[in-house]
Amino acid sequence: MNSKRSRWLTRPTLAAAAAVMIFTASASYLAAPAAASGVAFKDILYSYAYQSIISLHAKGILTGTQPGYFSPKKAVTRAEWVTVLDRMFGLQPVQAAVASYRDVSKQAWYYEWIEAASQLDIVQGSTSANFHPNSPITRQEAALMIARLIRSSEGSEEAVSSFTDADEIADWALEAVITVNRYGFMKGENNYFHPASSLTREETAIILERLLTYSTQHARPAASSVTSIRLGWQYDQTVQQFENTVLQSNINTLSPRWFF
């Protein structure tokens, strides 16, 4: 694997693990209501993500775009995707004094969510100065963020070469696609990964449920009599190991609200 491909997954990143079921309301349509309303969606009956949408809605994780509608085929923006990942992994918003990107306004509902992910190196802008928060996120961009969160660079060339459109996967996303495919988070369709296609709301529901299942399985060994998810699960670390990793890092925005 050349250095250009591998550098994306070897950068030191620290994502906090926490109660993945806790979501708060926000301006994003991916944000969950305070409590699941139980309102049926009229437009998901034939969606392949039907069960995932129902399950995540019942848990208060996903809500509709308007009363009675989920809009499963609608594209998810980069800001919305970052926000939902932050919430899943327990990151709290960061009110940075200096914005990381010139196109992310401090007044925007997603500003603090993007700053939280950016300062932990989970996300990077499409250029050094711009993030394009309202642009649809592509499948390979989503794969890269997930791979950074779980901090795994393991994989094999065969895992990607099996996709018919493997040559369309960007070099910077190659190892990430290997990783998410190996873990089963993103599997493609009819042997196509569609790396440059926008991620839809129904695809998001499927991916989130797979991530929740993975996080729950990794939390159980340390749970014994405790039902909460332990810190460090996505790194296969104990709480103490995770705390030591954080203390040895150069992060200066750690907030006790989500770390403890």
Side-chain angles (χ1 to χ4, degrees), residues 15 17 20-23 28-33 36 38-65 69-90 117 122-123 136-150 152 155 159-160 162-166 168-169 173 176-219 229 233-234:
V20 296
M21 305 308 296
I22 298 177
F23 278 50
S28 168
Y29 64 64
L30 280 179
V39 176
F41 297 121
K42 303 175 183 178
D43 57 351
I44 65 170
L45 182 60
Y46 299 105
S47 171
Y48 61 81
Y50 176 84
Q51 291 296 340
S52 295
I53 293 169
I54 293 298
S55 175
L56 293 171
H57 179 258
K59 291 181 174 78
I61 295 176
L62 294 179
T63 188
T65 54
Y69 292 88
F70 185 78
S71 304
K73 304 295 182 183
K74 187 174 183 178
V76 175
T77 68
R78 286 168 57 82
E80 290 165 341
W81 176 251
V82 169
T83 298
V84 77
L85 283 185
D86 280 357
R87 289 173 173 163
M88 276 199 63
F89 288 91
I122 297 168
V123 302
I137 190 165
T138 65
R139 287 174 51 80
Q140 62 185 356
E141 289 172 342
L144 181 58
M145 293 184 196
I146 293 172
R148 283 173 174 159
L149 278 167
I150 64 174
S152 174
V160 165
S162 64
F163 288 118
T164 303
D165 56 351
E168 298 177 20
I169 300 172
V177 171
I178 294 174
T179 297
V180 298
N181 179 248
R182 179 170 57 85
Y183 276 87
F185 297 145
M186 301 177 72
K187 302 178 180 180
E189 178 184 16
N190 296 326
N191 209 43
Y192 284 83
F193 187 76
H194 302 294
S197 296
S198 299
L199 193 69
T200 66
R201 286 172 55 82
E202 63 183 351
E203 287 175 322
T204 297
I206 291 288
I207 294 169
L208 291 181
E209 188 162 61
R210 289 169 180 166
L211 284 168
L212 285 173
T213 299
Y214 177 82
S215 66
T216 301
Q217 291 173 344
H218 280 67
I229 295 176
W233 67 262
Q234 76 272 48

Considering only heavy atoms from C-beta outward, does the side chain of [X] approach that of [Y] to under 4.5 Å?
X: Arg210; Y: Ile206; result: yes
X: Ile146; Y: Tyr183; result: no
X: Arg78; Y: Val123; result: no
X: Val84; Y: Val76; result: no
X: Arg201; Y: Ile53; result: no
X: Trp81; Y: Ile207; result: yes

- Does any N or O in the side chain of Ser71 come within less than 3.5 Å of the main-chain N or O of Lys74, such that one atom is a donor and the other an acceptor? no
- Quick one: does Glu168's side chain have a donor or acceptor within less than 3.5 Å of a partner on Asp165's backbone? no
Distance-only donor-acceptor hits, side chain of residues 188-200, under 3.5 Å, sequence neighbours excluded:
residue : atom : partner : partner atom : Å
Asn191  : ND2  : Ser162  : O            : 2.8
Asn191  : ND2  : Thr164  : OG1          : 2.9
Thr200  : OG1  : Glu203  : N            : 3.2
Thr200  : OG1  : Glu203  : OE1          : 3.4

- Task: Would you please test Phe185 and Ile150 for side-chain contact (heavy atoms from CB on, under 4.5 Å) and show each step?
- Result: CA-CA 11 Å; Phe185 297 145; Ile150 64 174; 3.9 Å; yes
- Message: Tell me every residue that passes salt bridge (charged side-chain N to carboxylate O under 4.0 Å, His left out) with Lys187, counting only those two or more places apart in sequence or in another chain.
- Response: none
- Query: For Glu202, which residues count as a salt bridge (charged side-chain N to carboxylate O under 4.0 Å, His left out) partner, sequence neighbours excluded?
  - Reply: Lys73
- Calculate, to the nearest 0.5 Å, the distance between atoms OG and CZ belonging to Ser47 and Phe41 respectively. 11.5 Å
- Starting at CG of Leu56, measure out to CD of Gln51 and round the result to the nearest 0.5 Å. 11.0 Å
- Excluding sequence neighbours, so at least two apart, what forms side-chain hydrogen bond (donor to acceptor under 3.5 Å, both in side chains) with Thr213? none
- Centroid separation Phe70 to His57 less than 6.0 Å: no
- Between Thr77 and Glu80, do the side chains contain an N or O donor and an N or O acceptor separated by less than 3.5 Å? yes
- By side-chain contact (heavy atoms from CB on, under 4.5 Å) - contacts of Tyr69 (at least two apart): Lys42, Asp43, Thr65, Gln66
- Query: Among all residues two or more places apart in sequence or in another chain, which pass the side-chain contact (heavy atoms from CB on, under 4.5 Å) test with Ile54?
  - Reply: Ile44, Tyr50
- Taking every heavy atom of Val180 against every heavy atom of Ala143, the minimum-distance pair comes out as CG1-O, 3.6 Å
